[in-house]
Amino acid sequence: MYVVEKLLKLYPDPKCTLKYNKPYELLIATILAAQSTDERVNKITPKLFKKYPSLEHIANADLEELEEDIKSVGFYKNKAKNIKETAKLLLEKYNGMLPDNIEELTTLKGVGRKTANVVMANIYGVPSVIVDTHCMRLSNRIGFVSSKDPDKIEIELRKIVPRDMYTVFSNLMVYHGRAVCKARKPKCNECVINNVCDFYSSQSDL
DNA sequence: CTCCCGATAT
DNA sequence: ATATCAGGAG
């Protein structure tokens, strides 16, 4: 796939940029990353996981204290409640393990398809199309899709991207979205895939 | 569709 | 000073 080959030369090893040492830590970090950046989440998770070194610690955390611990990632009241309830549910129904499928993962509080796909890709090694804001923006700009609905975008991308490239494609969208195809001022002139980009074409026409 | 919220780019 | 960024639940 052209876009993947081209971007891989620029970002040789695109991977999840969230810091974690255990599967459930990735889940918690990803829940915290909703409407926040990986960078901001990474600033608090090392301390957080040190203070709460197990799912039991998170499940039994004082809610107000937990809120303070994660405050800087934003939406902290929802997220504190979500990670606490998710920790409880993982202990009660899954023996502290993570479900290995989208259906069960998305029953966890604060876990939608994006977060579930991050777990499937990074914990279980299942090729997964992860539609976050970057994947959505780039896929629309390039012209792979024309939709604002993440679920529809995921379905469309699954038809366009070769299955074995789902995860690397998703990560490349994030890397390129952060470095070049930014939300605010995209650096279209230095973009290595502007030759196949609808957004670039429509701009240079002006 | 609205609400949830802090951090950062402009 | 404020618009913009970044997912999920109800």
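Every chain is numbered from 1, with letters handed out A, B, ... down the list of sequences. Basis for what follows: all heavy atoms, side chains included, without hydrogens, waters or symmetry-related copies.
Straight-line distance between the P atoms of C:dA6 and B:dT10: roughly 12 Å, to the nearest whole Å. Rounded to the nearest Å, the gap between the C1' atom of B:dC5 and that of C:dT2 is 15 Å. Here, C:dG8 and B:dT8 have their C1' atoms 22 Å apart, quoted to the whole Å.
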Which atoms of nucleotides 7-10 of chain B (N or O only) lie under 3.5 Å from a protein N or O atom, and what are those distances?
none

Name every donor-acceptor pair, under 3.5 Å, that has one atom in a side chain of residues 102-111 of chain A and the other anywhere in the protein, sequence neighbours excluded.
from	atom 1	to	atom 2	distance (Å)
A:E104	OE1	A:N101	ND2	2.7
A:E104	OE2	A:Y94	OH	3.3
A:T106	OG1	A:I102	O	2.8
A:T106	OG1	A:E103	O	3.1
A:T107	OG1	A:E104	O	2.6

Give the table of side-chain donor-acceptor pairs shorter than 3.5 Å for residues 125-135 of chain A, with sequence neighbours excluded, one pair per line with atom names and distance.
from	atom 1	to	atom 2	distance (Å)
A:S128	OG	A:V126	O	2.6
A:D132	OD1	A:H134	N	3.3
A:D132	OD1	A:C135	N	2.9
A:H134	ND1	A:R137	NH2	3.0

Which atom pairs, one a donor and one an acceptor, fall under 3.5 Å between side chains of residues 26-37 of chain A and the rest of the protein, sequence neighbours left out?
from	atom 1	to	atom 2	distance (Å)
A:T30	OG1	A:L26	O	2.6
A:S36	OG	A:R40	NH2	3.4
A:S36	OG	A:V73	O	3.3
A:T37	OG1	A:R40	N	3.1

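Under the salt bridge (charged side-chain N to carboxylate O under 4.0 Å, His left out) criterion, A:E65 pairs with A:K51, sequence neighbours left out. Scored by the ring pair (Phe, Tyr, Trp, His ring centres under 6.0 Å) test, A:Y166 finds no partners at all (sequence neighbours excluded). Residues satisfying the salt bridge (charged side-chain N to carboxylate O under 4.0 Å, His left out) test with A:E68, not counting sequence neighbours, are A:K71.
Sparse packing is recorded around CE of A:M97, with 12 or fewer heavy atoms of other residues, nucleotides or ligands lying under 6.0 Å away.
Atoms CZ (A:F75) and C1' (B:dT2) sit 11 Å apart, rounded to a whole Å. Protein atom CG of A:D38 is 13 Å distant from nucleotide atom C1' of C:dC5, rounded to whole Å. Rounded to an integer number of Å, the gap from A:L32 CG to C:dG8 P is 12 Å. The NZ atom of A:K81 sits 10 Å away from the C1' atom of C:dG10 (whole-angstrom rounding). Between the NZ atom of A:K79 and the P atom of B:dC5 there is a distance of 10 Å, given to the nearest Å. Rounded to whole Å, the distance from CG on A:N78 to C1' on B:dG6 is 13 Å. The distance between atom CG of A:N82 and atom C1' of C:dG10, rounded to the nearest whole Å, is 12 Å. Spacing between atom CD1 of A:I31 and atom P of B:dC5 amounts to 16 Å, rounded to whole angstrom units.
No salt bridge links A:E85 with A:K88; every basic N to acidic carboxylate O contact stays at or beyond 4.0 Å.
At a threshold of 4.0 angstrom between heavy atoms, the contacts of A:K109 are confined to the sugar-phosphate backbone, with no base atom among them.
Listed by residue number, A:D132, A:T133, A:H134, A:R137 are the residues of residues 130-152 of chain A with a heavy-atom contact under 4.0 Å to DNA chain C.
Residue pairs that meet the ring pair (Phe, Tyr, Trp, His ring centres under 6.0 Å) test with at least one member in residues 10-51 of chain A, sequence neighbours left out, are A:Y11-A:Y175, A:Y11-A:H176.
A close approach under 4.0 Å does occur between a side-chain nitrogen or oxygen of A:T115 and OP1 or OP2 of C:dG8. OP1 or OP2 of C:dG7 has at least one side-chain nitrogen or oxygen of A:K114 nearer than 4.0 Å.
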